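Step one of this worksheet: look at the structure below.
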Amino acid sequence: MGFLIKSFLFFLILSTLLFAENILKPKLVHLSYENIPKEVYKNQIFSVTINSLVALDEFYEINTTFNGSKNIEFLNPENSWSIKDSNHLFNRFYFKALDINAKLPNITIKLNIDDNKIESDTIEGKKLNILNINEDMLNFSKVLANKLEIKKYKVNKYDDEYNIIVIEIETLNGNLKDFNIDGFSKQGIESITYTMPYTKAFYYAVIPNQLRIFEFVYYDLVNKQFIKEPLIITVDEDRVSTQSDLNPKVNDFIIYKLAIILIFSIFFIILFLIRKRIIYIILAIIGIVYIIYISI
């Protein structure tokens with residue numbers, strides 16, 4: 001019995017010493033929030049800055065992992081850490097709140113010191129205070145931004161009853177991907193580019209040709225108010241230049257034209273095979289080159 005008691009006491013003391021060693025071991029990496037918004041609107045894009053205090057002379061690699069988020073879209077998870085000074089790193093991550101019960105992810109940073117040693121720390125993701133915004137505002141585009149700038153816009157004839165407007169827009173912390181105005185059946189984002197915190201997009205909408213002013217509204221996050229952006233409609237007779245031809249009548253005409261040229265090209269190839277005259281193959285090649293050029 002005495003042996004068992006002594007063995008138990010030995011293992012108890014050993015466990016206590018190991019536990020104390022882990023507690024007293026200095027932490028070489030420590031994550032903390034530098035800034036986090038007190039409140040965020042649903043669908044708003046916002047940033048969170050994370051600091052990392054590093055008590056290491058050198059390290060070779062930084063790995064960052066994220067888990068445990070809820071109703072959050074992560075816009076730049078691959079963003080690199082920057083050096084503030086010799087012992088501080090920082091990173092600015094951009095998120096979009098998708099619902100009122102959104103939660104930031106837990107963020108873990110791992111620093112590889114050598115092949116056999118890694119120092120790490122994890123900061124727990126915070127639950128955000130998400131507010132709803134009044135989307136019943138007339139012509140509300142669903143866009144929330146610190147700043148919105150219309151670079152240029154163009155209006156062209158779409159068909160006998162409609163015009164098409166294409167607007168180049170740039171925002172600071174703006175959710176341009178959500179741009180949508182109630183009442184227009186044909187509209188959308190033609191292309192979008194992220195250079196956080198800036199976003200640039202081309203928005204188009206097919207509008208009645210009687211419309212003289214195209215107006216949309218966005219929410220200014222800095223001044224906490226809705227801003228109207230009225231655009232005077234002046235129809236440009238040139239065909240719209242976008243990634244796709246949005247005028248169906250013009251598009252049909254081009255298809256018929258290419259079909260006729262293709263038929264003649266095939267006809268000249270057949271004549272060349274029958275009569276062996278070089279002029280026929282030249283005409284066929286010209287037709288095929290023209291088809292390729294128009295298609296591109």
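Please read all numbers here as calculations on a predicted model, not as lab measurements.
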Measuring from R212:CZ to I232:CD1, what's the distance to the nearest 0.5 Å? 12.0 Å
Would you compute the distance between atom OH of Y162 and atom CG of L211 and round it to the nearest 0.5 angstrom? 11.5 Å
Considering only heavy atoms from C-beta outward, does the side chain of Y94 approach that of V48 to under 4.5 Å? no
Flag side-chain contact, heavy atom, 4.5 Å: I181 against F214: yes
Let me check something: do I227 and I45 share a hydrophobic cluster, defined by ILVMFWY side-chain heavy atoms less than 4.5 Å apart, either directly or through other members? yes
Expected output: side-chain N175 to main-chain L144 donor-acceptor under 3.5 Å: yes
dist F226:CZ -> M137:CE (nearest 0.5 Å) comes out at 4.5 Å
Judged by modelled atom types alone, do N79 and N91 share a side-chain donor-acceptor pair under 3.5 Å? yes
Quick one: do I260 and F267 end up in the same hydrophobic cluster if we chain Ile, Leu, Val, Met, Phe, Trp and Tyr together by side-chain heavy atoms under 4.5 Å apart? yes
I'd like to know if the side chain of N209 reaches the main chain of D160, judged simply by a donor and an acceptor atom lying under 3.5 Å from each other, with no hydrogens or angles considered. yes
Give a yes or no on whether F66 atom CZ has more than 12 heavy-atom contacts from other residues, nucleotides or ligands under 6.0 Å away. yes
Side-chain contact, heavy-atom cut-off 4.5 Å: L104 with I36? yes
On a heavy-atom basis, which atom in I72 and which in A97 lie closest, and how many Å separate them? CD1-CA, 4.1 Å
Same hydrophobic cluster for M196 and F90, using side-chain heavy-atom links shorter than 4.5 Å among ILVMFWY? no
Could you check if a side-chain atom of L131 sits within less than 4.5 angstrom of a side-chain atom of V40, using non-hydrogen atoms only? no
May I ask you to decide if Q225's main-chain N or O and N223's side chain share a donor-acceptor pair within less than 3.5 Å? no
Is it the case that more than 12 heavy atoms not belonging to L273 sit under 6.0 Å from its CG atom? yes
How about NZ on K110, more than 12 heavy atoms from neighbouring residues, nucleotides or ligands closer than 6.0 Å, or not? no
Start with the C-alpha gap between L31 and T122, add the side-chain angles, then the distance that decides, and say whether side chain to side chain contact (heavy atoms under 4.5 Å, CB included) holds. CA-CA 7 Å; L31 290 177; T122 299; 5.7 Å; no
How close do R92 and S47 get, heavy atom to heavy atom, and via which atoms? CG-CB, 3.8 Å
Looking just at side-chain N and O atoms, do E168 and Y153 make a donor-acceptor pair shorter than 3.5 Å? no
Do you know which two heavy atoms are closest between G125 and N106, and how far apart they sit? N-OD1, 2.8 Å
With a 4.5 Å heavy-atom cut-off, do D121 and T108 have their side chains touching? no
Distance (rounded to the nearest 0.5 Å) between I109 CD1 and S52 OG: 4.0 Å
From CA spacing to verdict: side chain to side chain contact (heavy atoms under 4.5 Å, CB included), I233, I207: CA-CA 10 Å; I233 301 298; I207 58 178; 3.8 Å; yes
Go through the steps for I83 and L89 under the test side chain to side chain contact (heavy atoms under 4.5 Å, CB included), then give the verdict. CA-CA 5 Å; I83 299 175; L89 304 173; 3.8 Å; yes
Please tell me if the side chains of N71 and N101 come closer than 4.5 Å, counting only heavy atoms from C-beta onward. yes
So if you build clusters from Ile, Leu, Val, Met, Phe, Trp, Tyr with side-chain heavy-atom gaps below 4.5 Å, do L75 and L98 land together? no
Nearest-0.5 Å distance that lies between atom OG1 in T195 and atom CG in N76: 11.5 Å
Within one Ile-Leu-Val-Met-Phe-Trp-Tyr cluster: W81 and L53, side-chain cutoff 4.5 Å: no
Quick one: closest heavy-atom pair of D182 and K142, and the distance? OD1-NZ, 3.5 Å
Can you run down the side-chain hydrogen bond (donor to acceptor under 3.5 Å, both in side chains) pairs that involve residues 33-46, sequence neighbours left out, and say none if there aren't any? E34-N51, E34-K84, N35-T49, Y41-Y219
Decide yes or no for T193 and T199: does some side-chain heavy atom of the first lie under 4.5 Å from some side-chain heavy atom of the second? no
Using side chain to side chain contact (heavy atoms under 4.5 Å, CB included), reason through E215 and E229 one step at a time and then give a plain yes or no. CA-CA 6 Å; E215 181 179 90; E229 292 287 351; over 6 Å; no
Qualifying residue, where the test is ring-ring contact (aromatic ring centres under 6.0 Å, His included) with F179 and the options are F216, F184, Y218, F140: F216
Take atom NZ of K224 as the centre, draw a 6.0 Å sphere, and report whether it contains more than 12 heavy atoms from other residues, nucleotides or ligands. yes
CD1 (I192) and CG (L176) are apart, to the nearest 0.5 Å, by 5.5 Å
Residues Y203, Q187; criterion side chain to side chain donor-acceptor pair (under 3.5 Å); working and verdict: CA-CA 7 Å; Y203 166 82; Q187 61 177 314; 2.6 Å; yes
Taking NZ, NE, NH1 and NH2 as the nitrogens, is one of them in E124 or K126 under 4.0 Å from a carboxylate oxygen of the other? no
Measuring only between side-chain heavy atoms, which start at C-beta, is F95 closer than 4.5 Å to F46? yes
In short, F93 meets P77 closest at the heavy-atom pair CE2-O, 4.3 Å
